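This is a predicted model, so every value here is computed, not measured. Note on naming: letters A, B, ... go to the chains in the order of the sequence lines (proteins, then strands), and numbering restarts at 1 for each one.
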Amino acid sequence: MKLSFTDNLTEITELEDFDPVKIFECGQCFRWIPDESGVYTGLFRKHAARVWREGEKVFITSDKETFEAVWRDYFDLDRDYAEIRRMFSIDDYMKKAAEFGKGIRILRQDRWEALCSFIISQCNNIPRIRKIIEALCQLHGEPVEFEGKTLFTFPAAEKLAPLSPEDLAPVRCGYRAPYIIDAARAVAEGRLDLDKLTAAGYETALNTLKTISGVGDKVANCIVLFGLQMLDAFPKDVWIKRALRGNYPKDFSPSVFGQYAGVAQQYMFYYARSGQN
DNA sequence: AAACAGGCCTAAA
DNA sequence: TTTAGGCCTGTT
């Protein structure tokens, strides 16, 4: 990976494994929106940017300082995904999935946002998940002025904690409203300290998250993977279950994919959903 | 129109 | 410990 900076633009070259379309559309996040030419706009906390790829170059509208403080970490740029993909040549299906998903990276997302987002994702489809999260941000997030437009941050737990489920009615999240508020209260009151979960280890983190109502095994694994960067977590949604059923023995354990099983999961999810197999 | 969508919760075997 | 039914809402 090679970096060069101008005033408000970071240019990355010599980095094969960075495809904005796959990163933002592979299902790990819901708030990066493309324009008609494939340029994505989004935020991490209060930091907004546009991101796109032209041939061998990746661009992020960010000065050097913000890139080093925010985006380098957010895009997990110090991890070698090409090397990870090589480790997945252990079986034919996974090899194809990793080739197909080449360019995906696991974002280091905000934990609280990941918790809420995957509560919302349950029994839901992606367009509606996006819509609900966007409404939540517009109604309760903080405005951020960016290139002449107003974007909104993901609302802080403290902001949602005092609300009632009825207050969330305009968000149209249905029966998930009390789940979101429960989670917000747990975080705001300090009962759930997301920052301490990483040190607690996988099992403890998973079980702690599952004490929040509306967070079961699948959602908890998503939070652990996308919010806590435990890349061995392997959330099993219906697509993954289908892929496993069709291509692996019944007693198959994702632990054969090792410490990056979660990355394997993401390649597999993206591949399964693409309908290419 | 009825079923389904990146589950979870509760009650009941 | 596993299984069925219900749940908000929007789309097909």
Side-chain angles (χ1 to χ4, degrees), chain A residues 21-33 97 100-101 104-107 109 111 113-140 154 160 163-187 192 205-228 230-231 233-248 250-251 254 261-277:
Chain A
V21 178
K22 292 181 188 174
I23 290 171
F24 298 132
E25 307 287 353
C26 74
Q28 63 178 320
C29 62
F30 304 98
R31 291 206 68 203
W32 287 85
I33 309 297
F100 183 77
I104 290 176
R105 314 179 73 81
I106 303 295
L107 297 170
Q109 302 186 50
R111 296 161 176 207
E113 179 174 340
L115 167 54
C116 276
S117 298
F118 286 97
I119 285 176
I120 291 166
S121 79
Q122 68 179 254
C123 201
N124 218 335
N125 53 56
I126 288 178
R128 191 175 161 224
I129 298 168
R130 291 202 148 112
K131 228 167 148 182
I132 290 170
I133 295 175
E134 208 44 49
L136 193 59
C137 295
Q138 290 199 12
L139 291 172
H140 300 287
F154 192 87
L160 300 182
L163 302 181
S164 70
E166 296 75 50
D167 293 326
L168 283 186
V171 170
R172 311 301 288 162
C173 59
Y175 66 85
R176 304 162 194 83
Y179 296 162
I180 293 169
I181 290 166
D182 277 359
R185 289 182 182 162
V187 170
L192 176 62
L206 199 72
N207 290 326
T208 306
L209 288 165
K210 282 159 85 168
T211 63
I212 304 297
S213 72
V215 178
D217 199 62
K218 190 270 177 181
V219 168
N221 271 289
C222 284
I223 300 162
V224 163
L225 174 58
F226 301 123
L228 306 184
M230 295 187 186
L231 296 190
F234 196 93
K236 289 179 192 163
D237 72 303
V238 291
W239 292 95
I240 291 290
K241 285 177 184 165
R242 212 172 296 161
L244 290 178
R245 203 165 46 234
N247 300 280
Y248 295 89
K250 209 166 64 191
D251 59 347
V263 183
Q265 178 274 160
Q266 207 57 33
Y267 288 135
M268 197 182 283
F269 178 78
Y270 184 66
Y271 187 49
R273 273 185 53 97
S274 76
Q276 297 288 305
N277 44 344

### Query
Among C:dG10, B:dC8, C:dC8, which nucleotide sits nearest the side chain of A:N125?
C:dG10

### Task
Report the nucleotide, chosen from B:dG6, C:dC7, B:dC8, that has the shortest atom-to-atom distance to any side-chain atom of A:F30.
B:dG6

#### Entry: Length of the line joining A:Y175:OH and B:dG7:P, which is rounded to integer Å
9 Å

### Query
Counting any heavy atom closer than 4.0 Å, what does A:G216 reach on the DNA or RNA strands: base, sugar-phosphate only, or nothing?
sugar-phosphate

### Message
Expected output check: what is the dot-bracket annotation of DNA chain C, where ( ) and [ ] are pairs inside the strand (brackets for crossing ones), | is paired with another strand, and pairs are Watson-Crick or G-U under 3.5 Å?
### Response
|||||||.||||

What pairs of nitrogen or oxygen atoms, one from the protein and one from nucleotides 1-4 of chain B, lie under 3.5 Å apart?
none

How close do [X] and [Y] get, counting heavy atoms only, and between which atoms?
{"X": "A:P165", "Y": "A:I181", "answer": "N-CD1, 3.3 Å"}
{"X": "A:Q109", "Y": "A:Q28", "answer": "NE2-O, 2.7 Å"}
{"X": "A:C123", "Y": "A:Y175", "answer": "CB-OH, 3.6 Å"}

Between the protein and nucleotides 4-6 of chain C, list every N/O to N/O distance that falls short of 3.5 Å.
none

### Query
Under a 4.0 Å heavy-atom cut-off, which of residues 126-140 of chain A touch DNA chain C?
A:R128, A:K131

Could you list the protein-to-nucleotides 11-13 of chain B atom pairs, N/O on both sides, closer than 3.5 Å?
none

#### Entry: Most 5' of A:S213 and A:N124 on DNA chain B, judged by nearest nucleotide
A:N124

### Query
Of A:Q266 and A:I212, whose nearest nucleotide on DNA chain B comes first from the 5' end?
A:Q266

Taking distance alone, no hydrogens or angles, what donor-acceptor pairs closer than 3.5 Å link side-chain atoms of residues 214-226 of chain A to residues at least two apart or in another chain?
| from | atom 1 | to | atom 2 | distance (Å) |
| --- | --- | --- | --- | --- |
| A:D217 | OD1 | A:K210 | NZ | 2.9 |
| A:N221 | OD1 | A:Y202 | OH | 2.6 |
| A:N221 | ND2 | A:D217 | O | 2.9 |

### Query
Between the base of C:dC8 and the side chain of A:R176, is there any donor-acceptor pair under 3.5 Å?
yes

### Message
A:E134 vs A:R172, test: salt bridge (charged side-chain N to carboxylate O under 4.0 Å, His left out). Steps then yes/no.
### Response
CA-CA 11 Å; A:E134 208 44 49; A:R172 311 301 288 162; over 6 Å; no

### Query
Considering only the P atoms, how many Å lie between C:dG6 and B:dA2, rounded to the nearest integer?
15 Å

#### Entry: Pair A:F269 + A:F234: ring centers closer than 6.0 Å
no

